[in-house]
Visitor: 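Okay, here's the structure, questions in a sec.
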2 protein chains.
Amino acid sequence: MKNKFKTRIKELRARHDLTQEQLADIVGVRRETIGHVEHGKYNLSLLLAHRIAQALESSIEEVFIFEEEN
Amino acid sequence: MKNKFKTRIKELRARHDLTQEQLADIVGVRRETIGHVEHGKYNLSLLLAHRIAQALESSIEEVFIFEEEN
DNA sequence: TCAATATGTTATATATAATTAACATTGCGT
DNA sequence: ACGCAATGTTAATTATATATAACATATTGA
């Protein structure tokens, strides 16, 4: 599991006028979890990624930018 | 984290002529892990989902079918 | 400036993904 | 029918995502 990713959560949150806490409530996790995900500290689960993308009206690929190694 | 998902891994594996073990090798996990994911036993990580999708030349959304609850 | 709200951050605890190993079953080729 | 490769499955262990709590640092508005 070498590669990493960046996220556009912060940007999309702003566009939707959502605080970390509001987004956390919507997707059913804690505020800190959203913060950690935004800062790339967690390799979050697929379901959480999906629910975040959903809440931000985007696809997973739009929210999470994967850095290819090759 | 209520919702679940189905996967098209088995079908896509067949199309790409890959055994569970070959796919596991490519994405860097164990054969059993692929099996468990195929059968929906794990809520796998986003990175693993991405690597599986990549190996199957598909997007995450094509490989993993999310069941909405509402 | 003060208070309130949002975010950063860290330590510890808990839930669960993923590993490992072992054995069972299924299917396919010869 | 036999043997082998692929897959199913389960139990125990390890690694790590997420929860929880606590406090610190912005930032914004009255």
Side-chain angles (χ1 to χ4, degrees):
Chain A
M1 207 56 34
K2 275 186 68 224
N3 47 2
K4 277 244 147 289
F5 57 86
K6 291 180 181 165
T7 93
R8 289 177 53 224
I9 296 177
K10 188 167 195 159
E11 169 192 349
L12 292 167
R13 257 198 316 108
R15 190 171 309 176
H16 287 256
D17 242 303
L18 290 172
T19 67
Q20 287 186 347
E21 193 159 30
Q22 289 169 333
L23 177 56
D25 285 346
I26 293 172
V27 305
V29 295
R30 299 213 112 222
R31 171 187 70 81
E32 295 92 329
T33 301
I34 297 294
H36 285 142
V37 169
E38 281 190 13
H39 294 101
K41 298 212 172 171
Y42 290 151
N43 172 19
L44 76 171
S45 72
L46 179 60
L47 281 180
L48 178 51
H50 171 247
R51 300 192 71 173
I52 289 174
Q54 221 179 201
L56 299 175
E57 297 177 300
S58 309
S59 71
I60 289 179
E61 271 91 353
E62 283 167 347
V63 178
F64 300 93
I65 313 299
F66 298 97
E67 284 149 21
E68 310 303 341
E69 76 263 14
N70 304 329
Chain B
M1 208 54 36
K2 278 187 69 226
N3 49 3
K4 278 246 149 286
F5 58 84
K6 291 180 181 166
T7 94
R8 288 176 55 225
I9 297 178
K10 188 167 195 161
E11 168 194 348
L12 292 166
R13 261 201 308 111
R15 192 172 306 175
H16 288 256
D17 242 302
L18 290 172
T19 68
Q20 287 187 345
E21 192 157 31
Q22 289 170 331
L23 177 57
D25 285 347
I26 293 171
V27 304
V29 295
R30 299 214 110 221
R31 171 187 70 80
E32 295 92 329
T33 301
I34 297 295
H36 286 143
V37 169
E38 281 190 12
H39 294 101
K41 299 212 173 174
Y42 289 152
N43 173 19
L44 75 171
S45 72
L46 180 61
L47 281 180
L48 178 50
H50 172 248
R51 301 191 71 173
I52 289 174
Q54 219 179 206
L56 298 174
E57 296 177 300
S58 309
S59 71
I60 289 180
E61 272 90 352
E62 283 166 347
V63 177
F64 300 92
I65 314 298
F66 298 97
E67 286 150 18
E68 310 303 341
E69 77 263 14
N70 305 327

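Letters A, B, ... mirror the listed sequences (proteins, then strands); counts begin at 1. None of the values given here were measured: they were computed from a predicted structure.
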Visitor: Could you grab the distance from atom CG of A:L18 to atom CD1 of A:I9, nearest 0.5 Å is fine?
Guide: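 One gets 11.5 Å once the value is rounded to the nearest 0.5 Å.
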
Visitor: Given D:dA19, is OP1 or OP2 found less than 4.0 Å from the side-chain N or O atoms of A:T33?
Guide: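 So the side chain of A:T33 is within the cut-off, an N or O lying under 4.0 Å from OP1 or OP2 of D:dA19.
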
Visitor: Is there a donor-acceptor pair under 3.5 Å between the side chain of A:N43 and the backbone N or O of B:S45?
Guide: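 Absent.
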
Visitor: Expressed as a whole number of angstroms, how long is the span from B:L48:CG to C:dT16:P?
Guide: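 B:L48 atom CG is separated from C:dT16 atom P by 18 Å.
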
Visitor: In whole Å, what is the span from the CZ atom of B:R30 to the P atom of D:dT14?
Guide: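 For the pair B:R30 CZ and D:dT14 P, the rounded distance is 15 Å.
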
Visitor: Taking the side chain as C-beta and beyond, is there a heavy-atom pair between A:T7 and A:F64 under 4.5 Å?
Guide: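 Yes. Closest side-chain heavy atoms under 4.5 Å.
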
Visitor: What's the CD1-P distance between A:I34 and C:dG8, to the nearest Å?
Guide: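 The distance from CD1 of A:I34 to P of C:dG8 comes to 12 Å, rounded to the nearest Å.
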
Visitor: Nearest whole angstrom, please: distance from the P of C:dT16 to the CG of A:N43.
Guide: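 After rounding, the reported distance stands at 17 Å.
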
Visitor: Is the shortest side-chain heavy-atom distance between B:I34 and B:V27 below 4.5 Å?
Guide: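 They are in side-chain contact.
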
Visitor: Side-chain contact, heavy-atom cut-off 4.5 Å: A:V29 with A:I52?
Guide: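 Side-chain contact under 4.5 Å: no.
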
Visitor: With distance as the sole test, does A:R31 use its side chain to make a donor-acceptor pair with the main-chain N or O of A:A24 at under 3.5 Å?
Guide: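 Flag not set: sc A:R31 to bb A:A24 has no pair under 3.5 Å.
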
Visitor: Anything under 3.5 Å between a protein N or O and an N or O of nucleotides 26-30 of chain D, put it in a table, one pair a line.
Guide:
none

Visitor: Find out whether B:L44 and B:T33 are in side-chain contact, i.e. whether some heavy atom of one side chain is under 4.5 Å from a heavy atom of the other.
Guide: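 Result no, sub-4.5 Å side-chain heavy-atom pair not found.
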
Visitor: Protein-nucleotides 4-11 of chain D N/O pairs closer than 3.5 Å?
Guide:
from	atom 1	to	atom 2	distance (Å)
D:dT7	OP1	B:R13	NH1	2.8
D:dT7	OP2	B:Q20	N	2.7
D:dG8	OP1	B:K10	NZ	3.4
D:dG8	OP1	B:H39	NE2	3.1
D:dG8	OP2	B:Q20	NE2	2.6
D:dG8	N7	B:R31	NH1	3.2
D:dG8	O6	B:R31	NH2	2.8

Visitor: Kindly assign one of parallel, tilted or perpendicular to the pair B:H50 and A:F66, based on the angle between their ring planes and the thresholds 30° and 60°.
Guide: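 Geometry flag for A:F66 against B:H50: parallel rings.
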
